[in-house]
Amino acid sequence: MITEINGRKIKILIESSEISKKVSELGKTITQDYKDKDLIIIGVLKGSFIFLADLIRCIKLKTEIDFIRVSSYKEATQAGNIELITNTGISLRGRDVLLVEDLLDTGGTLDFVRKTIVSKNPASFKICALIKKKKRRETEININYVGFEIDDKFIVGYGTDLAQQGRNLPDIYVIE
Ligand code: IMP
Ligand code: MG
């Protein structure tokens, strides 16, 4: 069992069973909200890949999936500048777009990604984030679907990382 990452002790915050329950609720809500729509789901790499994989299997609609890759946290828990590494490959003009992100911290990443996508003129644009930190945000972001609200702690697991480690942990942990 993994109890530390890069020498930092980790403690369980949200168990995988609780995550699955929440993900399936989110999937149901999204399915209802977008019924009769042809949805495009865009994941923000790398952090959202596990959440997205689970979520899309709970969305009972015709969908297309794409990814956008940005880098923000360069080292461990330090924030860096946001950089667009790979843009989406499909045309978003006139489409209903749902952006899927692992977590909302300062809001910088989602603000950057939102602007990148909105500039492609989708018919509608919504955001789904698994985790929202309760702290005061530097950039105000409207999230349409939120899994969990947590205190301002650094988390790892279920796709999120500490210096690129721990993405494969099935549960979500906090760094002690
Ligand atoms: P923001 O730009 O500050 O909102 O940060 C969002 C991005 O930073 C997320 O997409 C995560 O990839 C990363 N991030 C922020 N907080 C954490 C954390 O507690 N653990 C792991 N990654 C984090
Ligand atoms: Mg991320």
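We count ligands from 1, going down the list as the structure has it; atoms in each ligand are counted the same way.
Residue-level proximity to ligand 1 for K153 is carried by the backbone, the only part with a heavy atom below 4.0 angstrom. Contact annotation: for L103 versus ligand 1, heavy atoms closer than 4.0 Å belong to both the backbone and the side chain.
Taking every non-hydrogen atom of D161 and a distance limit under 4.0 Å, the qualifying atoms of ligand 1 come out as 21 (C). Atoms of ligand 1 lying under 4.0 Å from any heavy atom of K133, numbered from 1 in the order shown and given with element: 16 (N), 17 (C), 18 (C), 19 (O). Near G107, meaning under 4.0 Å from any of its heavy atoms, are these atoms of ligand 1: 1 (P), 3 (O), 4 (O). Taking a cut-off of under 4.0 Å to the non-hydrogen atoms of E101, the atoms of ligand 1 that pass are 9 (C), 10 (O). Close approach of ligand 1 to T106 (heavy-atom distance below 4.0 Å) involves ligand atoms 1 (P), 2 (O), 3 (O), 4 (O).
Distances from ligand 1 to the non-hydrogen atoms of G108 include at least one value under 4.0 Å.
At least one side-chain heavy atom of L162 sits under 4.5 Å from a side-chain heavy atom of R8. A 4.5 Å side-chain heavy-atom check between Y34 and I59 finds every atom pair outside the cut-off. Side-chain contact between D102 and L130: absent, with no pair of heavy atoms (C-beta onward) separated by less than 4.5 Å. Side chains of V44 and L52 form no contact here, defined as non-hydrogen atoms less than 4.5 Å apart.
At least one N or O atom of T109 sits closer than 3.5 Å to an N or O atom of ligand 1. Note: no N/O pair closer than 3.5 Å links F154 and ligand 1 by distance alone.
Defined by atom type and a distance below 3.5 Å, a donor-acceptor pair is missing between the side-chain atoms of K37 and S124.
A 6.0 Å sphere centred on CD of E4 holds more than 12 heavy atoms belonging to other residues, nucleotides or ligands.
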Problem set entry | Worked check of salt bridge (Lys or Arg N to Asp or Glu O under 4.0 Å) between D105 and K135 | CA-CA 8 Å; D105 184 14; K135 70 183 215 181; 2.9 Å; yes
